[in-house]
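Okay, structure first, notes after.
Proteins get letters first, then strands, A, B, ... in listed order; numbering begins at 1 in each. Quick caveat, the model's predicted, so the values are computed rather than measured.
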Amino acid sequence: MSRSPADSWYVNGPTQERIYLVVRQIPPGKVSTYGDIAAIVGDCTARMVGYAMAAARGDLPWHRVINAQGKISPRGDGGGEELQRARLEDEGIHFSDGKVDLKRVRWLGPSVEWKIANGFAPDPTWREK
DNA sequence: ATAATGACTGGGG
DNA sequence: ACCCCAGCCATTA
């Protein structure tokens with residue numbers, strides 16, 4: 001088997017589908033963070049979100065997920081970082097000093113109605129520790 | 001069975 | 001600002 005992010009060598013399990021479902025709700029022009037997504041998904045950590053993004057394919061807007069410092073997270077092989085930034089800038093997101101202004105472009109999450117309808121807890125649960 | 005590893009984060013020294 | 005640590009999943013060697 002070849003080793004590439006497109007393969008399943010660092011996919012993190014069933015939680016991955018819930019992560020993807022939430023990531024798909026991030027609107028263009030907004031970004032979210034690994035930790036924020038994890039909190040919405042519940043029973044999940046920022047790391048798992050990162051692993052899931054690494055395995056992302058297809059139409060998933062993986063580029064809208066960045067780290068809590070407002071920066072594009074460095075990959076081991078560097079792949080995709082430039083593409084991510086380019087796609088965000090195409091959506092109107094401005095980078096200053098390598099960071100986005102999270103206060104302005106941070107997505108606040110899906111509506112409570114959406115969460116309930118899709119089986120997520122109404123309130124975020126932080127599971128980082 | 002053990003160890004490495006891959007887009008993380010907040011807290012403490 | 002920097003370094004260290006815990007927390008935590010799936011897959012591979």
Straight-line distance of A:I66 CD1 to A:R106 CZ, nearest 0.5 Å: 8.5 Å
Atom-pair distance (CG on A:D97; P on C:dA1), nearest Å: 10 Å
Distance, rounded to the nearest Å, where A:R106 contributes CZ and B:dT9 contributes P: 9 Å
Pairwise distance CZ(A:R24) to CG(A:L60) - rounded to 0.5 angstrom: 5.0 Å
Spacing of A:Q69 atom CD relative to B:dG11 atom P, expressed in whole Å: 13 Å
Spacing of A:Q16 atom CD relative to C:dC9 atom C1', expressed in whole Å: 11 Å
Spacing between A:L102 atom CG and B:dT9 atom P, to the nearest angstrom: 10 Å
Sequence-distant partners of A:R75, side-chain contact (heavy atoms from CB on, under 4.5 Å), two or more places apart: A:W62, A:I72, A:D77, A:E81, A:Q84
Pairwise distance CZ(A:R104) to NE2(A:H94) - rounded to 0.5 angstrom: 7.5 Å
Residue A:T45, side-chain atoms from C-beta onward, closest of B:dG10, B:dG6, C:dC8: C:dC8
Distance in angstrom units between A:I19 CD1 and C:dA10 P, rounded: 11 Å
Interatomic distance where OH belongs to A:Y51 and P belongs to B:dT9 [whole Å]: 12 Å
Gap between atoms CZ and P, on A:R75 and B:dT5 respectively (whole Å): 19 Å
